Novice: 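Pasting a structure here, questions to come.
Owing to the predicted nature of the structure, the values given are computational and were not obtained by experimental measurement. To find a chain, count down the sequence lines: A is the first, B the second, and so on, and within it residues start at 1.
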Amino acid sequence: DAEITQSPRHKITETGRQVTLACHQTWNHNNMFWYRQDLGHGLRLIHYSYGVQDTNKGEVSDGYSVSRSNTEDLPLTLESAASSQTSVYFCASSATGQGLALYEQYFGPGTRLTVT
Amino acid sequence: GQQVMQIPQYQHVQEGEDFTTYCNSSTTLSNIQWYKQRPGGHPVFLIQLVKSGEVKKQKRLTFQFGEAKKNSSLHITATQTTDVGTYFCAGPLTGGGNKLTFGTGTQLKVEL
């Protein structure tokens with residue numbers, strides 16, 4: 001069965017370190033997304049990609065970067081981790097919608113990141 | 001900027017009571033999606049509404065899209081403990097494409 005996985009599931013890192021969170025999907029979806037979830041803020045879009053070599057900034061992209069070298073993977077990098085980046089991170093993927101409708105997004109299990 | 005708000009933020013109900021969450025957008029939406037996130041889990045897609053005034057049902061869940069396509073609601077009849085979780089609405093972000101902006105969510109707790 002197709003799936004979307006994230007690793008690690010839990011990560012503790014120190015302020016200033018570079019951290020990379022992995023996201024891998026086997027749906028063969030062109031669209032991939034990274035969100036962070038914090039209490040009181042719901043899900044906020046960090047970066048997204050509509051295909052290989054395509055990356056775009058979302059609502060809260062400062063301090064984060066992504067790269068898309070193949071269809072399956074969209075790793076999220078925190079260049080220099082800050083305590084404000086302590087959060088739960090979700091990766092999602094979707095097919096491309098047509099007209100007014102969009103396809104549903106499939107979410108990974110999440111990565112809980114703590115920056116000390 | 002574009003905002004999608006949900007009310008209430010929290011709701012505690014007794015099992016068997018009804019529950020409604022409301023979603024309001026600052027802009028007209030071409031479509032709206034609803035997701036459910038169980039405690040400790042990840043969001044899971046429930047449904048998408050596209051047409052003005054559209055109503056869709058999934059067993060005890062009823063979803064509505066407003067006539068002006070700026071608001072939506074999710075109503076659960078006779079809640080069960082399996083309904084516990086946070087319900088999010090989501091609409092397309094301004095600028096087109098497949099990216100979504102999520103509402104703030106309504107956390108539902110069901111007590112026996």
Novice: Give the C-alpha distance, both sets of side-chain angles, the deciding distance and a yes or no for side chain to side chain contact (heavy atoms under 4.5 Å, CB included) between Q33(B) and Y103(A).
Specialist: CA-CA 9 Å; Q33(B) 297 183 5; Y103(A) 280 96; over 6 Å; no

Novice: Any chain of hydrophobic side-chain contacts (each under 4.5 Å) joining I46(A) to M32(A)?
Specialist: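 Yes; M32(A) is reachable from I46(A) via cluster members.
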
Novice: Of the listed residues (Y50(A), Y106(A), F33(A)), which shares the most heavy-atom pairs with chain B below a 4.5 Å separation?
Specialist: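 Of the options given, most contacts go to Y50(A).
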
Novice: Considering all heavy atoms of both residues, which atom of A95(A) and which atom of N98(B) are nearest to each other, and what is their separation?
Specialist: O-OD1, 3.8 Å

Novice: Given the rule that I, L, V, M, F, W and Y join up when any side-chain heavy atoms are under 4.5 Å apart, are V88(A) and Y35(A) in one cluster?
Specialist: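 Yes; Y35(A) is reachable from V88(A) via cluster members.
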
Novice: What part of L100(B) is in contact with chain A, defined as an atom under 4.5 angstrom from a non-hydrogen atom: side chain, backbone, both or neither?
Specialist: both

Novice: Is Q6(B) close to chain A through its backbone or its side chain, or both, or neither, when contacts mean heavy atoms under 4.5 Å?
Specialist: neither

Novice: Measuring heavy-atom distances to chain B, does L43(A) have an atom under 4.5 Å in its side chain, in its backbone, in both, or in neither?
Specialist: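 Answer is both: backbone and side chain atoms of L43(A) are under 4.5 Å from chain B.
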
Novice: With side chain to side chain contact (heavy atoms under 4.5 Å, CB included) as the criterion, how do E104(A) and I47(B) come out once you've worked through the C-alpha distance, each side chain's angles and the decisive distance to 0.1 Å?
Specialist: CA-CA 8 Å; E104(A) 64 192 271; I47(B) 207 162; over 6 Å; no

Novice: Would you kindly confirm whether L108(B) and L61(B) end up in one hydrophobic cluster when ILVMFWY residues are joined by side chain heavy atoms under 4.5 Å apart?
Specialist: yes

Novice: Which bit of Q107(B) comes within less than 4.5 Å of chain A, counting heavy atoms only: side chain, backbone, both or neither?
Specialist: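 When you check distances to chain A, no heavy atom of Q107(B) falls under 4.5 Å.
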
Novice: For the rings on F45(B) and F107(A), is their centre-to-centre separation under 6.0 Å?
Specialist: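 No; F107(A) has its ring centre 6.0 Å or more from that of F45(B).
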
Novice: Any chance CZ of R60(B) has more than 12 other-residue heavy atoms, nucleotides or ligands included, within less than 6.0 Å?
Specialist: yes

Novice: Determine whether F90(A) and L21(A) fall in the same hydrophobic cluster, where Ile, Leu, Val, Met, Phe, Trp and Tyr are linked whenever their side-chain heavy atoms lie under 4.5 Å apart.
Specialist: no

Novice: Looking only at atom types and distance, does a side-chain atom of Y35(B) sit under 3.5 Å from a main-chain N or O of Q105(A), one as donor and one as acceptor?
Specialist: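 Judged by distance alone, yes, a pair lies under 3.5 Å.
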
Novice: Under 6.0 Å from the CZ atom of R44(A), do we count more than 12 heavy atoms belonging to anything else shown?
Specialist: yes

Novice: Mind checking whether L46(B) and F19(B) sit in one hydrophobic cluster, side chains of I, L, V, M, F, W, Y counted as touching below 4.5 Å?
Specialist: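 Yes, same cluster.
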
Novice: What distance separates K99(B) NZ from H47(A) NE2, expressed to the nearest 0.5 Å?
Specialist: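 NE2 of H47(A) is found 13.5 Å from NZ of K99(B).
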
